Amino acid sequence: MRNTLATQLLFELSKPGRRDVRLPKSDVPEVAIDELLPAGAIAAAPPPLPELAETQIVRHFLNLSTQNMSVDTHFYPLGSCTMKYNPKRNERLANLPGMADLHPYQPEETLQGMLELLYAMQQILAEIAGLDAVSLQPAAGAHGEFTALMVAAAYFRDRGERRTKVLTPDSSHGTNPASAAMAGFETVTVKSDSSGCVDLADLRTKLDGQTAVFMITNPNTLGLFDRQVRTIADEVHSHGGLIYLDGANMNAILGIARPGDFGADLMHFNPHKTFSGPHGGGGPGAGPIAVRAMLEPYLPSPVVVKVAENINEQANTKPSKNGDGAECHDCYRLAYDRPKSIGRVRSFMGNVGVLVRAYCYIRTYGPAGLRAVSENAVLSANYLLARVKHILPVPHGDRCLHEFVATAARLKAERGVSAMDLAKRLLDYGFHAPTVYFPLTVRESMMIEPTETESKETLDAFAETLSRIVEESPELLHDAPHTTAISRPDEVAAARNPVLHWSPAGAKP
Amino acid sequence: MSYILNTPDDQQAMLAAIGVASIEELFAQVPAELRLRRPLDLPPALDEMELTAHMAELAGQNVAAGQKICFLGGGSYDHFIPAVVDYVAGRGEFYTSYTPYQPEASQGNLQVFFEYQTLITQLTGMDVSNASMYDGGSAAAEAVLMCIAATGRRGSVVVPENLHPEYRQTIATYLSNLDVRLHTVATPDGTTGAELLARSIGDDTACVVIQQPNFFGCVEDLQSLVQAAHERGAMVVAAVDPISLGLLRRPGEFGVDIVVAEGQSLGTPMQFGGPYLGIMACSEKFVRRMPGRIAGQTVDRRGNRCWVLTLQTREQHIRREKATSNICTNQGLFALRATVYLAALGPQGLRETAEACLRKANYARGRLTQTGRLSAAFDAPVFKEFVVRDGDRGVQSLVADALQAGFFAGVPLGGWYPRLSDCLLVTVTEKRTRREIDALANCVSQPNRRQEMVDA
């Protein structure tokens with residue numbers, strides 16, 4: 001018989017009087033609460049949180065953890081999400097007290113190591129982007145998109161131009177048009193051509209003096225490098241617009257091509273994808289942006305700057321020689337006085353913990369290693385493509401960069417088996433499913449991204465499993481998965497009659 | 001090569017299966033003129049021992065908060081984190097998984113989000129919570145956008161000066177391309193005056209954003225502020241300190257429309273400002289305008305209770321240019337930490353933590369203002385932080401002297417508030433002891449004498 005305790009909620013395990021954390025006895029005078037606070041502000045009772053012992057808490061969450069697939073336990077070829085291995089050294093180093101136990105408002109002289117690291121990250125990301133300046137502040141990729149569009153808006157405003165439109169391809173991530181709307185722009189969709197890239201003719205009909213930014217994902221969501229990108233950039237620039245590069249797919253081109261070199265003026269990075277930060281069940285990520293020099297004044301405040309300072313003023317930094325031979329320090333400061341800055345897009349410094357991990361990853365590889373990352377990511381993807389295309393058609397060609405999109409459209413038409421059915425059945429065989437139903441430009445799509453951190457054996461096993469699954473009976477596939485704790489939840493009922501928190505009455509459906 | 005598994009033989013076999021001679025050929029679609037023709041100009045590779053030494057060196061050039069006695073706050077707090085939080089959050093099944101696109105492969109995360117949402121509604125007294133946002137400041141800005149959409153009022157947003165300056169800056173950035181004015185109300189006494197607030201609200205004001213306790217640590221009269229706003233048709237966003245809710249009445253009881261919070265206090269390390277946990281909860285009627293992920297309960301095909309992401313029609317991947325927000329993720333790992341933290345503290349633990357903050361902060365305010373050098377800047381009741389005015393040699397030297405003596409004494413306010421350039425925001429969490437508080441008070445009154453207990 002299954003132990004039902006494992007499926008209960010914290011609130012159902014609660015028992016009045018149970019305790020875990022206790023505080024030490026107060027060492028300051030026990031002044032009555034109502035002498036310190038106005039009566040109207042004090043709650044009659046503490047909030048109705050569950051009452052549990054630590055043993056229960058540990059068992060509860062560890063049992064829950066076994067119901068997740070994760071990169072540490074499974075192959076996770078979730079296209080566009082770049083689920084690569086998360087090195088353990090990075091976790092350890094990011095958790096050093098000198099990294100994790102820092103308050104954002106400590107005096108700068110007590111933060112020189114952290115500021116040096118962040119300054120180095122600004123330089124490193126600018127070099128990888130082929131652009132001039134970096135802000136580390138945005139908290140996620142989509143937040144970086146929003147930030148960059150605000151930078152673009154400030155740039156045009158400062159030039160006395162009022163540009164209202166942002167153009168996004170129909171194959172773009174949904175965050176692109178949403179970010180544009182949030183930043184106050186009207187969004188205009190540009191079609192893809194038959195090869196899956198931007199339809200230049202359609203772009204030309206939509207470009208005009210009102211165009212602020214064209215957002216492009218390159219390599220795009222089909223895993224293709226849009227060869228026309230330079231032409232696109234020239235056209236957009238000739239109308240006075242800017243090119244934004246969605247950096248979600250940077251894992252394909254590290255050290256191979258740089259967005260700044262192929263025409264981008266602004267871009268964001270997804271360090272949790274490209275530089276292996278753990279995805280944390282949906283976050284945290286980070287979304288640093290890189291921009292061309294003319295946009296630098298508008299970046300969020302503060303940025304990290306390096307200044308030389310007299311040795312006598314600082315006792316806590318490394319000495320170095322400056323140009324005229326006098327001994328001085330490289331000293332790092334947070335620059336807040338930036339009159340043209342858009343301001344800030346979140347409180348404090350940014351998702352520094354994610355950036356520290358990314359820094360460790362980049363330093364582990366170095367320049368040649370980073371290029372090898374992309375080469376092997378592309379090798380993995382093309383190898384898997386070569387094996388999958390005999391099982392499911394891959395509409396956009398025999399080659400890809402970091403990911404490719406297969407289609408189950410024919411399988412659906414002939415046998416009634418959908419991409420979702422295949423995705424669910426893969427779970428039974430111990431593989432996380434690829435991304436399904438994105439991009440929207442391919443019917444019954446499965447977007448597969450193996451990354452460089454999987455072995456040939458794993459890719460072979462995945463392809464063989466997919467090959468076996470497409471031969472299985474439609475009935476078996478419709479009801480998949482069969483081995484997981486739950487199967488095919490009723491998502492319509494969840495949305496129609498939302499139950500968004502537990503309550504004592506009616507907890508059980 | 002570090003995390004690349006395939007051997008040269010594997011690579012050759014893979015290339016053969018693809019039908020190309022070299023990896024270089026796979027990049028044929030990248031035009032030659034767009035290629036980088038040199039190695040990236042980056043520092044050289046380090047193996048694990050070298051990297052460990054390098055990071056230790058960088059870390060050694062920082063002073064960890066735990067190496068000093070930390071009285072810093074202002075939105076990032078040195079609260080105690082029980083070991084069970086790190087243990088659970090350190091499980092790779094949690095921290096190396098992703099957004100639950102396949103609910104069958106993610107019930108662990110989805111149930112945690114559902115439990116997190118429940119705990120946040122219990123904590124705030126609100127109807128619904130999402131599964132978290134980036135941080136407190138951006139959550140406040142997103143809440144403001146919700147209010148503008150919900151009321152159709154695009155004229156102004158009103159904030160008191162005692163709302164966290166970085167929240168105000170973030171809101172200002174989010175509004176700057178939408179032609180909505182951000183109106184700031186003066187708070188000379190530290191707290192927000194209901195009448196002054198009321199006079200700032202026009203017929204086109206979408207909302208007011210009240211911080212409780214406010215940035216100066218003072219406890220606001222939330223009831224009268226909510227009333228003042230609602231009488232004029234403006235919504236109310238309350239930015240709260242989640243730890244204070246162990247003791248203070250919950251914002252839901254005052255009828256606020258949206259609650260946001262910085263959830264870092266709930267079991268997340270300070271890590272120089274991020275990543276943090278944005279909390280957002282609202283009334284039932286605004287749920288379809290709420291950004292971010294939401295987990296909902298349902299049943300599977302076998303009739304078992306289970307969880308899915310729900311109400312996704314609000315979101316960017318379906319509505320694209322009509323989306324209410326561009327957020328496509330949440331702070332899952334920190335929502336997990338907050339869930340474990342709140343489960344570990346329970347109602348009594350949270351109450352005791354809040355009471356300890358309250359008593360120790362008030363004790364510290366008393367001790368520091370007995371020094372002769374410092375005085376309380378405001379009279380209002382405080383919860384865990386307070387502002388002192390330095391009548392002596394200036395705040396910068398006080399902070400520098402205290403640092404020499406082993407203290408992070410507080411956050412100078414002059415950078416944000418010129419009229420408070422002689423003021424310091426001092427924070428006292430449950431971790432500070434009477435001995436540490438007394439030592440700070442002694443240090444402030446005798447700044448040149450090093451404190452033996454700190455050096456020992």
Side-chain angles (χ1 to χ4, degrees), chain A residues 20-21 23 27-28 43 46 49 61 64-65 67-72 93 96-98 100-105 110 112-113 139 142 153 174 177-179 184 187 225 262 278-284 343-344 346-349 351-353 366-367 383 455-456 484 486 488-489 494 499 501-502, chain B residues 5 10 14 29 34 39-40 42 45 55 58-59 61-64 72 88 91-93 95-99 104-105 107-109 118 134 137-138 166 173 177 249 269 271-275 296-298 300-301 306 310 316-317 320-321 323 326 329 331-333 344 347 349 351-352 363 411 434:
Chain A
D20 177 8
V21 173
L23 259 65
D27 60 357
V28 299
L49 304 174
F61 285 104
L64 283 184
S65 77
Q67 295 187 33
N68 282 340
M69 283 188 173
S70 68
V71 173
D72 274 2
L93 298 174
L96 291 172
D101 186 24
L102 299 179
H103 190 282
Y105 297 147
T110 66
Q112 287 300 305
S179 296
T187 56
F225 192 91
F262 59 69
H279 289 55
R344 55 166 58 246
R346 50 153 290 163
S347 24
F348 310 119
M349 301 312 305
N351 284 359
V352 173
Y383 177 68
S455 66
K456 178 174 177 294
T484 47
I486 65 130
R488 301 275 176 151
V499 179
H501 59 84
W502 177 87
Chain B
L5 280 68
D10 290 331
M14 292 164 80
Q29 49 178 308
L34 303 185
L40 288 167
L42 299 178
M55 291 298 288
L58 286 176
Q61 290 171 40
N62 301 320
V63 180
L72 298 171
V88 170
R91 291 289 293 201
E93 299 92 328
Y95 82 82
T96 74
S97 58
Y98 197 35
T99 303
E104 292 95 336
Q107 282 298 297
N109 282 328
T118 305
Y134 305 137
S138 59
E166 295 190 355
T173 305
N177 216 28
R249 279 178 67 195
Q271 44 193 354
F272 196 46
Q297 182 179 307
T298 188
D300 78 346
R301 67 181 174 84
C306 62
T310 194
Q316 43 85 18
H317 52 279
R320 291 177 73 93
E321 51 283 321
N326 70 344
T329 184
Q331 299 294 92
L333 192 64
R351 179 86 176 203
E352 287 170 13
Y363 174 76
V411 180
R434 179 177 187 158

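Lettering of chains follows the sequences in order, A, B, ..., and the numbering in each one begins at 1. Since we're looking at a predicted model, the values are computed, not measured.
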Requested in this report: Would you check if the side chain of Asp101(A) reaches a backbone N or O of Ala64(B) as a donor-acceptor pair within less than 3.5 Å?
Outcome: no
Query raised in the report: What part of Arg351(B) lies closer than 4.5 angstrom to a heavy atom of chain A: side chain, backbone, both or neither?
Result: side chain
Query raised in the report: Closest approach of Leu42(B) and Pro367(A), non-hydrogen atoms and distance?
Result: O-CG, 3.6 Å
Report task. Using the test ring pair (Phe, Tyr, Trp, His ring centres under 6.0 Å), find all partners of Phe225(A) that sit at least two apart in sequence or belong to another chain. Result -> Phe262(A)
Report summary line: Heavy-atom nearest pair, Val352(A) first then Phe272(B), reads CG2-O, 3.6 Å
Requested in this report: Name the member of Gly349(B), Ser97(B), Gly137(B), Gly332(B) that forms the most heavy-atom pairs with chain A at distances under 4.5 Å.
Outcome: Ser97(B)
Requested in this report: Side-chain contact test, heavy atoms from C-beta onward, threshold under 4.5 Å: evaluate it for Glu104(B) versus Arg488(A) and give yes or no.
Outcome: yes
Requested in this report: Kindly give the heavy-atom pair with the smallest separation between Ser455(A) and Leu5(B), and that separation in Å.
Outcome: CB-CD2, 3.8 Å
Query raised in the report: Between Val63(B) and Leu102(A), which heavy-atom pair has the shortest distance, and what is it?
Result: O-CD2, 3.5 Å
Report task. Ignoring hydrogens and angles, tell me if any N or O in the side chain of Thr96(B) forms a donor-acceptor pair with the backbone of Ser70(A) under 3.5 Å. Result -> no
Query raised in the report: With distance as the sole test, does Ser65(A) use its side chain to make a donor-acceptor pair with the main-chain N or O of Glu93(B) at under 3.5 Å?
Result: no
Requested in this report: Working to the nearest 0.5 Å, report the span between CE of Met349(A) and CD of Glu166(B).
Outcome: 8.5 Å
Query raised in the report: Who are the ring pair (Phe, Tyr, Trp, His ring centres under 6.0 Å) partners of Tyr105(A), not counting sequence neighbours?
Result: His103(A), Phe348(A), Trp416(B)
Report task. Write down the atom of Asn351(A), the atom of Gln331(B), and the distance for their closest heavy-atom approach. Result -> ND2-NE2, 4.1 Å
**Report entry** Any Arg91(B) side-chain heavy atom under 4.5 Å of Leu64(A) side chain
**Finding:** no
Report summary line: Rounded to the nearest 0.5 angstrom, the CG-NE2 distance for Leu333(B) and His279(A) is 12.5 Å
**Report entry** Closest non-hydrogen atom pair, Pro347(B) against Pro46(A)
**Finding:** O-CB, 3.5 Å
